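Written out below as structure tokens is the structure these notes cover.
Nothing fancy with the numbering, it's 1 onward along the sequence. No experiment lies behind these values; they were computed from the predicted model shown.
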Amino acid sequence: MLVLETHSLRTTEASFSESLYGLRRKAVNIKLSKENPRTESGHSGLKKHQKALSVAFMVVLPYFKSKLHSIYNREREATLQASLWGPSDVRIDDSDYFDSGASHVPAGSLSTNASLWARVRKRIEAFIGDFYPWIHAGNEGLTFAYQLLYLLDATGFYSPGLHVLGIHVCRATGQELMDTSSRISKIRSRERERLRGPPWLKALQRVLLSCMYTTLDYAQTGLIAAVFFFKMMEWWYQSAEERMSAPTVYPPPPPPPPPKVAEEGIPLPPDRTICPLCSQKRVNPSVVAVSGFVFCYPCVFRYVSQYKRCPVTLMPTTVDQIRRLFHDM
């Protein structure tokens, strides 16, 4: 990324992603007019220090931020483990634990022999673990505020880094695109003229430069093609995995036949709302789970408690298999 962004800023005055969308970085010139007390702003090309600092903001700072984030995650996991299990004076290394010939050394004796650099590093990591959330929250909040102000057209900078560098990101015109092509040709011709050495070495250097130029010229097209190919393969394998892992849908099995009324059981009344036990309209309807017939709860509870069976089918049951119905059919 360092090489790619440096080359992109050197040739197109834009980052690699910005050049994909036809954007250009321009330095903001602020001048005070004597006739008009208000400030007048204009744009010019990027200076060398602005290009170098742009690379630092795009590549170097995100790299250090990722490292700080990983250190913070390690410290957070260690703090969580200490809060769950408590501080431990003995630390067993995996390799020593599985090595039968090695003796386990307490962590206290190791810490006494630790170097000064190890202690300083541990303190730095603890400091990062304590203050990184505040730094991260402040950075994210400031970035969000800049983006919100940029959307409201209250500022011309969409990030704090661009404001510090004094750079606007603008849409490139057709003339600027042509100037970029001519500038790239001039830069490459000067680099070829600076080649020194015997003829065979110059030829080898020209071949290497041509290969490097071709790679950089088609980097954007290659990146777009690689992303498209990756997404297509991801869709292809994901759909194939979904088809292979999809469960086979079988039709639902037919319902079991309804239980038959036993010859010695209590007959069913013609009205389905009547309880077969008390021959009255059901109160607090409850069903016997083993048979599915509905009775009054007091009636069926007394009957099942005494006979341990369904009153209609005479199937064995208990009071635990009586279910209350909140909607009487």
Show, in sequence, the C-alpha distance, side-chain angles and deciding distance for Phe229 and Met233, and conclude whether the side-chain contact (heavy atoms from CB on, under 4.5 Å) test is met. CA-CA 6 Å; Phe229 179 76; Met233 296 303 295; 3.7 Å; yes

Practice prompt. List the steps and the verdict of salt bridge (charged side-chain N to carboxylate O under 4.0 Å, His left out) for Glu125 and Lys122.
Written response: CA-CA 5 Å; Glu125 290 180 354; Lys122 189 174 181 180; over 6 Å; no

Report task. Go through the steps for Arg309 and Tyr303 under the test side-chain contact (heavy atoms from CB on, under 4.5 Å), then give the verdict. Result -> CA-CA 8 Å; Arg309 65 185 183 183; Tyr303 185 92; 3.3 Å; yes

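What you find for Met315 and Pro259 is that their closest heavy atoms are SD-CB, 4.3 Å. In plain terms, the two heavy atoms of Ala262 and Thr313 that are nearest each other are CB-O, 3.7 Å. Among all heavy-atom pairs drawn from Cys310 and Val288, the shortest one is CB-CG1, 4.4 Å. In plain terms, the two heavy atoms of Val59 and Met1 that are nearest each other are CG2-O, 4.0 Å. Contact between Leu9 and Ser15 at its shortest, heavy atoms only, is CD2-N, 4.1 Å. Taking all atoms of both residues into account, the shortest heavy-atom contact from Arg25 to Ser54 is NH1-OG, 3.4 Å.
With hydrophobic clusters built from ILVMFWY side chains whose heavy atoms lie under 4.5 angstrom apart, Ile71 shares a cluster with Tyr132. A chain of hydrophobic side-chain contacts below 4.5 Å, direct or via other Ile, Leu, Val, Met, Phe, Trp or Tyr residues, connects Leu277 to Leu268. Ile322 and Leu325 are not part of a single hydrophobic cluster, where members link through side-chain heavy atoms under 4.5 Å apart. Hydrophobic clustering of Ile, Leu, Val, Met, Phe, Trp and Tyr side chains at less than 4.5 Å, counting indirect connections, keeps Leu201 apart from Met212. Ile274 and Val312 fall into different hydrophobic clusters, where Ile, Leu, Val, Met, Phe, Trp and Tyr side chains are chained together by heavy-atom contacts under 4.5 Å.
Between the side chain of Gln50 and the backbone N or O of Leu165, at least one donor-acceptor pair lies under 3.5 Å. Judged by distance alone, the side chain of Arg24 and the main-chain N or O of Glu18 form no donor-acceptor pair under 3.5 Å. Looking only at distances, a side-chain donor or acceptor of Ser8 sits under 3.5 Å from a matching main-chain atom of Ala14. At least one donor-acceptor pair under 3.5 Å links the side chain of Glu5 to the backbone N or O of Phe16. Counting only distance, with no hydrogens or angles, the side chain of Ser66 and the backbone of Tyr63 share a donor-acceptor pair below 3.5 Å. Judged purely by atom type and a 3.5 angstrom limit, Ser210 uses its side chain to pair as donor or acceptor with the backbone of Arg206. A donor-acceptor pair is defined here as one N or O able to donate and one able to accept, closer than 3.5 Å; such a pair exists between the side chain of Arg323 and the backbone of Asp320.
One distance of note links NZ of Lys281 with SG of Cys296; it measures 10.0 Å at 0.5 Å rounding. To the nearest 0.5 Å, the span separating CZ on Phe301 from CG on Asn284 amounts to 13.0 Å. Summarising the geometry, atom OG1 belonging to Thr155 is positioned 6.5 Å from atom CG belonging to Leu149; distances are rounded to the nearest 0.5 Å. Taking CZ of Phe57 as the start and CG of Leu162 as the end, the distance is 9.0 Å to the nearest 0.5 Å. The CD1 atom of Ile167 sits 9.5 Å away from the CD atom of Glu13 when rounded to the nearest 0.5 Å. One distance of note links NE2 of His7 with CG of Leu2; it measures 13.5 Å at 0.5 Å rounding.
With respect to the salt-bridge test (charged N to carboxylate O, under 4.0 angstrom), the residues Glu77 and Arg74 do not qualify. Remark: Glu140 engages Lys65 in a salt bridge, criterion side-chain N to carboxylate O under 4.0 Å.
At a threshold of 4.5 Å between non-hydrogen side-chain atoms, the residues Trp235 and Lys231 do not count as touching. With contacts defined as side-chain heavy-atom distances shorter than 4.5 Å, the pair Phe127/Arg123 does not qualify. You'll find the side chain of Pro267 stays beyond 4.5 Å of the side chain of Pro276, heavy atoms only.
Below 30°, between 30° and 60°, or above 60°: for His69 and His136 the angle between ring planes is between 30° and 60°, a tilted geometry.
Atom CG of Asp153 is surrounded by 12 or fewer heavy atoms from other residues, nucleotides or ligands within 6.0 Å.
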